[in-house]
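FYI, the numbering just counts along the sequence from 1. Heavy-atom basis, side chains included; hydrogens, waters and symmetry copies ignored.
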Amino acid sequence: MLSLLKILHVLAALGWVGGMFFAYFILRPTAAEQLQPPQRLPLWSEVLTRFFRWVWIAVLTLWGSGMGMLALWGSKPPLYVHVMLGGALAMTLIFVGVFFFPFRKLKTCTLEKTWSEAGAALNQVRQAVLANLCLGLIVICVAVGKWPL
């Protein structure tokens with residue numbers, strides 16, 4: 001059971017963090033170079049719609065598998081597990097905030113073709129994705145290296 005929980009946990013983290021890395025460092029600069037706002041913003045709206053569906057699955061899988069592993073742990077978990085839980089909580093809160101506020105605004109403004117407002121909303125999403133990417137990489141380093149704690 002523990003092995004299955006670990007596999008699910010790692011796959012969910014890989015999908016979420018890897019997706020953010022791809023979006024931020026590959027898709028974002030390419031779209032900015034190749035497309036004007038009337039083409040770029042609808043693209044981002046659709047890309048994020050699809051990606052965020054998977055992020056919801058990842059979040060639920062991470063919390064479920066994480067709590068399952070914690071329950072199997074039994075005794076008091078080490079400090080690095082608490083660091084991972086704190087990172088997971090922060091990432092989840094950031095994602096939920098992005099999903100219900102700037103992402104929804106991006107979708108609405110894109111449909112209304114108010115490009116400057118859609119661009120501002122996308123910029124808020126971008127900043128939150130960068131924050132979550134950094135947190136995710138830190139949590140991965142702590143998990144894999146069990147350091148520095």
Compare all side-chain heavy atoms of [X] with those of [Y] and state whether any distance is below 4.5 angstrom.
X	Y	answer
Trp56	Val96	yes
Met67	Leu85	yes
Trp44	Leu27	yes

For [X], what residues pass the side chain to side chain contact (heavy atoms under 4.5 Å, CB included) criterion, not counting sequence neighbours?
X	answer
Gln36	Pro38, Gln39
Pro77	Leu70, Trp73, Val81, His82
Trp54	Ile57

Output a table of donor-acceptor pairs, distance under 3.5 Å, between side-chain atoms of residues 100-114 and any protein atom two or more places apart or on a different chain; print 'none' if there are none.
from: Lys107; atom 1: NZ; to: Thr49; atom 2: OG1; distance (Å): 2.8
from: Thr108; atom 1: OG1; to: Arg104; atom 2: O; distance (Å): 3.1
from: Thr110; atom 1: OG1; to: Leu106; atom 2: O; distance (Å): 2.7
from: Thr114; atom 1: OG1; to: Cys109; atom 2: O; distance (Å): 3.3

- With sequence neighbours left out, what residues match Ser65 under side chain to side chain donor-acceptor pair (under 3.5 Å)? His9

- Of all residues at least two apart in sequence or in a different chain, which pass the side chain to side chain donor-acceptor pair (under 3.5 Å) check with Trp63? Thr92

Side-chain donor-acceptor pairs under 3.5 Å in residues 11-25, sequence neighbours left out?
from: Tyr24; atom 1: OH; to: Arg126; atom 2: NH1; distance (Å): 3.2

- Cluster membership besides Leu8, Ile/Leu/Val/Met/Phe/Trp/Tyr side chains within less than 4.5 angstrom, sorted by chain and number, is Leu4

- Message: My understanding is that a hydrophobic cluster links ILVMFWY residues whose side chain heavy atoms are under 4.5 Å apart, including indirect links. Using that, what else belongs to the cluster containing Leu72?
- Response: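 Met1, Leu2, Leu5, Met69, which link up through side-chain heavy atoms under 4.5 Å apart, make up the rest of the cluster.
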
- Message: Let me check something: do Met91 and Leu60 share a hydrophobic cluster, defined by ILVMFWY side-chain heavy atoms less than 4.5 Å apart, either directly or through other members?
- Response: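 Cluster IDs for Met91 and Leu60 differ.
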
- Message: Let's go through Val129 and Val98 carefully: what are the C-alpha distance in whole Å and the side-chain angles of both, what is the deciding distance for side-chain contact (heavy atoms from CB on, under 4.5 Å) to 0.1 Å, and is it a yes or a no?
- Response: CA-CA 9 Å; Val129 165; Val98 164; 5.7 Å; no

